[in-house]
Amino acid sequence: DKDQIPSISIVLRGHWGSVAERSLESVFNALGHINQIIKVYMIGTRPKKIPKNVLIEYHRFIPSKTDYLKLLSKSWIGINIGIHMAGTNERKYDYAEAGLVVFSDSFGSRGDLLPYEYAFVDNFDLAAKIGQLLEFRPQKIAEMGKENQKFALLFAEKGRANLLDHIRNMIC
């Protein structure tokens, strides 16, 4: 069930240090420029400054993957902040599996591309793009998230099938 008001999930592990904190500060700065109330589900790093238009629900950690995905699935948007120079990251697929539209920074957008994934370059770009998305009706945003979900599940199934084929070929 999606929230009635626009909502965003952000997952940033606390052990990622000052880079994560600066990235999070930039994201919250961007959210402060959006002219409506936004709920944020924050998991991991606790934000220091929260704009007046942001309602926050903070979780240090959610041990159950099922509970984690249920919480994410309430949101309309997942903000994917990449910290390390790596390819596609797990959070992007968690957001997609939970049925969210994904906004990724330049590190987070590396690797596979989701059908409804938008890259942003800074907090002004993020604010503008979220503002544009929120002009759509909530049903349209939910449909976009469902497309991401279908893609993520199909991609996972293809990976599982390839792995099973590889194992079969090794055994035979």
Report task. Indicate whether the side chain of D3 and that of Y41 have a donor and an acceptor atom separated by less than 3.5 Å. Result ->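 Yes.
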Query raised in the report: From N123 CG over to E25 CD, what is the distance, rounded to the nearest 0.5 angstrom?
Result: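 Between atom CG of N123 and atom CD of E25 there are 9.5 Å.
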Report task. Nearest 0.5 Å please: distance from the CZ atom of F103 over to the CG atom of L133. Result ->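 CG of L133 is found 4.5 Å from CZ of F103.
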Give the minimum heavy-atom separation between [X] and [Y], together with the two atoms involved.
X    : Y    : value
N53  : G32  : OD1-CA, 3.5 Å
Q4   : W76  : O-CZ2, 3.8 Å
P47  : I56  : CG-CD1, 3.3 Å
A127 : H33  : CB-CB, 4.1 Å
Y95  : V102 : CB-CG2, 3.7 Å
P115 : E147 : CG-O, 4.0 Å

Report task. Could you tell me whether the side chain of D125 and the main chain of V121 form a donor-acceptor pair under 3.5 Å? Result ->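 Checked: pair present.
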Query raised in the report: Are F155 and Y93 an aromatic pair by the rule of ring centers under 6.0 Å?
Result: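 Yes; Y93 has its ring centre under 6.0 Å from that of F155.
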Salt bridge or not for [X] and [Y], using N-O below 4.0 Å?
X    : Y   : answer
E117 : K92 : yes
K146 : E97 : no
D94  : R91 : no

**Report entry** Identified side chain to side chain contact (heavy atoms under 4.5 Å, CB included) partner of I38 from the options I77, I8, I5, L55
**Finding:**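 The residue from I77, I8, I5, L55 that satisfies side chain to side chain contact (heavy atoms under 4.5 Å, CB included) with I38 turns out to be I8.
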Report task. Could you identify which residues cluster with I167, counting Ile, Leu, Val, Met, Phe, Trp and Tyr as linked when any side-chain heavy atoms lie under 4.5 Å apart, either directly or through a chain of such contacts? Result ->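 ILVMFWY cluster around I167 also holds L163, I171.
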**Report entry** Pair S109-S104, side chain to side chain donor-acceptor pair (under 3.5 Å): steps then yes or no
**Finding:** CA-CA 5 Å; S109 63; S104 295; 5.9 Å; no
